[in-house]
Amino acid sequence: MRVSRPYDPRAIEQKWQSVWEDEGLDTVVEDGSRPKKYVLEMFPYPSGDIHMGHVRNYSIGDVVARFSAMRGYNVLHPIGWDAFGLPAENAAIKSRTHPAEWTYTNIEKQWSSFRRMGFSYDPARIVRSCDVEYYRWGQWIFLKLWERDLVERKSSPVNWCPSCKTVLANEQVIGEGVCWRCSSVVEKRELEQWYFKITRYAQELLDDLETLEGWPDRVKTMQANWIGRSEGAEVDFALCDAAGEPTGSTITVFTTRPDTLFGCTFFLLAPEHPLVAELTVGTPYEAGVQAVVATAARETAVERASGEAEKVGAFTGRHVVNPVNGERIPVWVSNYVLMDYGTGAVMAVPCGDQRDFEFARAYGLPIPPVVVPDDDPLLEELRDARERVKADVEWAEAYDGYGVMVQSGAFTGMRGGKASEGMKAVTEWLAERGTGRFAVNFRLRDWLISRQRYWGNPIPAVHCPSCGLVPVPEDQLPVVLPMDVDITKGETLADHPGFYETTCPSCQGSARRETDTMDTFTCSSWYYFRYCDARNTDAIWDPAKAGHWMPVDQYIGGIEHAILHLLYSRFFTKVFADMGLTSAREPFTNLLTQGMVKKDGETMSKSKGNAVAPEDMIARFGADALRVFILFMAPPDKDLEWNQEGLEGMFRFLGRLWRYVSDVAAQSATGTDPDRAAARTLLRERHRVVGKVTGDIEHFGLNTALAAMMELLNAASDHRRMAGDARDTALEREVAETLTLLIAPYAPHMSEELWRDILGHEVSVHRQPWPVFDPALAAADEVEIVVQVNGKVRGRVTVSADADERVVREAALALPKVLEHLEGLAVRKVVVVPGKLISIVATPQ
RNA sequence: GCCCGGGUGGCGGAACUGGCAGACGCGUCGGUCUCAAAAACCGAUGGCCGAAAGGUCGUGCGGGUUCGAUUCCCGCCCCGGGCACCA
């Protein structure tokens, strides 16, 4: 008989970590005989020490992975590092080390922490995106996209972060126009940059959101809003010369409301529109227009994006012809027209658009009503007016809802509004005459992927004076990022002649290598494929291996990537599918966005000084207690408030469980005469809890699953104490083993120590099948029925579980308490909910 | 302004398709053990009235549906997040 010893995580956690490593417990082998499950957490940026957000993210994933393995799945659970990026450069400047050194040191540090946490990652599949063996395939993807005409280099107004000193993609400008990484206000600059044509996939990216049943609605909504599909029409307006006569050229606008064309009384160009200068240079209007252009240029992104900037405008002196009525309307320039949406030109309909309305009022332009609400008195007056009889409406604001079209020629009387009959009729009319067509416009822009930074994946392209842009041939990959760039002096690849001086792969003449690197989001858009075949040196991955594991069955990460990483990854996956590299068109079947870890109501962070270091907690309470605590305190998708006393409570719980299992393991299993009734209660509880825990984990009720385990431990302790010598020791052993198995995904070290050393099993607890349960044994044979009189609980009756309604009713109506409350009343109705409740309705006689 | 979440004891949180509100844990109070303390264990713990039995109120606020509402419907308030001159 063993002497039971206290629970000491320090003694057991390290021990099992090395045993598991020696046994290769976490190394994954593809096994076609079992169903596969790919469990993935977003790979970390190697920022240094791990924080509670990591602990939470990876603890959730580890429970899912270990639980799935015990349930019989062939589980892939890998980890890696998103290792390129600006923080390494900033840290390098600060501490005078090389970004590579800083990065690899941090990766080692984090990897030790992950091991100390007991996460079950396959060490043979680790990828680090700054390894040449990894990023060369990122370059290969770039070339493949180029072959498929999905790469473009073009000049355009782009987002520039003055602090990061690089351009940003639209998705990376968040909130009130700030950089996603450093929160600086971004500026607009006209620059030539590299783009991935994600807009080619806009429709599919939108449509396939509907297939993602395992994603939170809120993430899908955010993506749909970001893609921003709107249906409408393109309309061509003929441009007039300075004398007012139509020229051959046209300007096209996008509108969702072609039904309001008859109310279009002016026309607008964005200040950045190339035609602005062309139309006004050397005219009396030039100065006024230039003033507006200058105002717009001065506005910060915040002001412009918030719509708070005052609407200013200037007449260009030119006119266009409204295709529906031949009217010549003036062309203005205004700061409320955006160059990067639609065509940068807008048909202004002041009666139907609040912005146009305000502009018209400010500049004295007419506001003829063309779509009138059904209850507007104006409708009677204008119902049959085909020609414009009312040039200016008295409304206080524009009306953009549905209504009747008036003063609209042949279309007068039709229904107007978004996607209305009138909208379709006008568009068809335009299409017949070749001056318009149905069109769909997306808010999504192409993905700007070039970055003017050193610590990233070099773009494999060459600028040749005679051949233009030339891709680096596949057999010349990788373009290796040189290590001898002195970042502390602010150098980039553009300062490194040894890197950029090259010959043209096409004409062999001297040429300049591209010195921009790729957005780090390109690295994170395919790493989950690479995990399937992480060490392949001949190909990005073997499609057969990707075919085995992909798509990811459960992805877990922060909501901050609702658009960014998750949208880019969906795009890459669709391209890979089109290339035949995978059959998956969506990378992540189920997505869990975990909540944040907070303290005193605020996000934990070093800068706020409220961060609790996971390593300190591991040292004091052990990794298992930390894992159990962080999973118990809140459901995974909700924010969690840190509470040190809660962690201590979880440590105590593990101690109680430890003691129970130890005591049971130490006792002789013979020589007692079990008390049947007491044992039956414990047996029932054992089966009920196994069922509850199983179902809860499947639905991410990780906190309630733990609560159920606590209930079973409480019941087992009660049994042990109450039944004394009459307790059922065989059942106790069964319950002790069951609890050890149930807690294994949460507390991998303690459960292993209990399973192997205390309970004496040979094979790891993490290789055991998940405990089974029998619903029949879990069901109570007697149930307590609540008796209500007029909605208030007045008593309870205990009946057998299969008692019929009549039995329940008779028992309930025999209760003295019930009779007391029924005195002087007549029973009108009795509702019986089987197994739960009986409700008696009575009213005065 | 629009779109999502959310509001339950002193605290974190439970409550499957409408059926005993507050599981489980923390904290607090009382007790056992101890010379004492810690640990551990046992018990109590939503408010109000009551010695108790019991009664009564109670899931942000106001209505409604229902035998019965934290759950469903209508109208508000507050908190968090996302989007926002998108033509």
Side-chain angles (χ1 to χ4, degrees), chain A residues 6 174-176 216-222 224-226 228-230 232 253-257 260 268 270 303-309 311 334-338 340-349 352-356 358-359 400 441-444 559-560 562-563 595-596 601 628-629 632-635 637-650 652-653 655-656 659 692 695-696 699 701 703-711 713-714 717 721 784-793 795-796 817 828-843:
Chain A
I174 57 167
E176 303 272 89
D217 287 340
R218 121 179 123 121
V219 174
K220 289 190 278 188
T221 307
M222 282 165 77
N225 289 343
W226 186 260
R229 183 182 196 274
S230 44
V253 298
F254 173 78
T255 177
T256 54
R257 295 294 304 279
T260 63
L268 294 159
E303 289 164 345
R304 189 131 184 209
S306 68
E308 277 156 17
K311 292 173 179 49
S334 175
N335 60 339
Y336 78 90
V337 181
L338 307 176
D340 54 10
Y341 184 79
T343 61
V346 170
M347 56 174 250
V349 182
D353 181 289
Q354 188 58 23
R355 294 155 303 169
D356 298 343
E358 286 166 19
F359 191 85
D400 64 3
N441 200 49
F442 291 94
R443 204 184 81 109
L444 181 70
I559 185 76
E560 67 273 16
I563 295 171
M596 291 183 293
V628 168
F629 164 73
F632 179 71
M633 286 305 277
D637 58 333
K638 298 266 181 60
D639 286 352
L640 174 153
E641 178 71 23
W642 179 264
N643 174 319
Q644 176 96 20
E645 281 155 343
L647 174 57
E648 289 163 22
M650 289 307 108
R652 282 200 293 272
F653 160 65
R656 279 201 301 278
R659 222 172 308 122
K692 167 107 176 117
D696 281 1
H699 299 104
N703 54 336
T704 50
L706 272 167
M709 292 179 220
M710 291 170 184
E711 288 177 273
L713 177 61
N714 291 346
S717 303
R721 195 175 61 249
E784 197 179 59
I785 305 285
V786 169
V787 184
Q788 291 186 346
V789 177
N790 286 337
K792 293 208 163 82
V793 180
R796 293 151 212 280
K817 200 93 210 176
R828 302 288 174 205
K829 191 175 173 183
V830 177
V831 180
V832 179
V833 181
K836 296 218 162 131
L837 169 144
I838 171 166
S839 179
I840 301 160
V841 186
T843 55

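Letters A, B, ... are given to chains in the order of the sequence lines, protein chains preceding strands, and every chain is numbered from 1. Heavy atoms only: backbone and side chains are in, while hydrogens, waters and symmetry mates are out.
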Could you measure between the two P atoms, the one in B/rU28 and the one in B/rC11, and give it in whole Å? 15 Å
Kindly compute the distance separating CD1 (A/Ile174) from CD1 (A/Ile563), expressed to the nearest 0.5 Å. 10.0 Å
Name the closest nucleotide to the A/Tyr341 side chain, picking from B/rC86, B/rA14, B/rC26. B/rC86
Would you mind pulling out the nucleotide paired to B/rC2, Watson-Crick or G-U wobble, both distances under 3.5 Å? B/rG82
Is the shortest side-chain heavy-atom distance between A/Val831 and A/Gln788 below 4.5 Å? no
Gap in Å between the two P atoms, one belonging to B/rC26 and one to B/rG13, rounded: 16 Å
Are A/Val841 and A/Asn790 packed together at the side-chain level, in the sense that at least one heavy-atom pair is separated by less than 4.5 angstrom? yes
Looking at the base of B/rC20, is there any donor atom on it, or on the side chain of A/Arg796, that sits under 3.5 Å from an acceptor on the other one? yes
Would you classify A/Asn714 as touching base, sugar-phosphate or nothing, given that sugar-phosphate means primed atoms plus P, OP1 and OP2, and contacts are heavy atoms under 4.0 Å? sugar-phosphate
Can you tell me the base-pairing partner of B/rU65? Count Watson-Crick or G-U wobble geometry only, both distances below 3.5 Å, and say none if there is no partner. none
Does any non-hydrogen side-chain atom of A/Trp642 lie less than 4.5 Å from one of A/Phe629? yes
At what distance, to the nearest 0.5 angstrom, does CG of A/Leu706 lie from CG of A/Leu713? 12.0 Å
Within the structure provided, determine whether A/Val346 and A/Tyr336 are in side-chain contact (heavy-atom separation under 4.5 Å). no
Please state the C1' separation for the pair B/rG63 and B/rG10 - nearest whole angstrom. 32 Å
What distance, rounded to whole Å, do you find between the two P atoms, one in B/rU71 and one in B/rA21? 14 Å
Among the nucleotides B/rG81, B/rG19, B/rC41, which one has an atom lying closest to any side-chain atom of A/Arg659? B/rC41
For the P atoms, the ones on B/rU56 and on B/rG60, what distance do you get once it is rounded to whole angstrom? 23 Å
Sticking with atom P, work out how far B/rG6 lies from B/rU17, rounded to a whole angstrom. 13 Å
Out of B/rA84, B/rG27, B/rC24, which nucleotide sits closest to the side chain of A/Arg443? B/rA84
Quick check on RNA chain B: between A/Leu706 and A/Lys692, whose nearest nucleotide comes earlier from the 5' end? A/Lys692
Among B/rC42, B/rC86, B/rG19, find the nucleotide with the atom closest to the side chain of A/Arg355. B/rC86
Any strand counts, and the cut-off is 3.5 Å on both contacts for Watson-Crick or G-U wobble. Which nucleotide pairs with B/rG46? B/rC57
Which glycosidic conformation, syn or anti, is assigned to B/rG75 if syn requires a torsion within 90° of zero? anti
Would you indicate whether the side-chain heavy atoms of A/Met710 and A/Met650 approach each other to under 4.5 Å? yes
Listed nucleotide nearest any side-chain atom of A/Ala707, set B/rG25, B/rC24, B/rC41: B/rC24
B/rG58 versus B/rG46 - spacing of their C1' atoms, nearest Å: 8 Å
Rounding to an integer number of angstrom, what distance separates B/rG22 and B/rC16 when you compare their P atoms? 13 Å
How many Å lie between CG on A/Asp340 and P on B/rA87, as a whole number? 13 Å
Where the side chain of A/Lys829 is concerned, which of B/rC41, B/rA15, B/rC67 is the nearest nucleotide? B/rC67
From B/rA87, B/rG19, B/rG81, pick the nucleotide closest to the side chain of A/Thr256? B/rA87
Looking only at B/rC20, B/rG13, B/rC57, the nucleotide nearest the A/Lys792 side chain is B/rC57
Roughly how many Å is it from NZ in A/Lys638 to P in B/rC79, rounded to a whole number? 20 Å
For the side chain of A/Phe632, starting at C-beta, report the closest nucleotide among B/rG27, B/rG12, B/rC42. B/rG12
Measure from the side-chain heavy atoms of A/Val841 and tell me the nearest of B/rC26, B/rC24, B/rC67. B/rC67
Watson-Crick or G-U wobble mate for B/rA39, both contacts under 3.5 Å: none
Under 4.0 angstrom, heavy atoms only, what part of the nucleic acid is A/Gln788 near: base, sugar-phosphate, or nothing? base
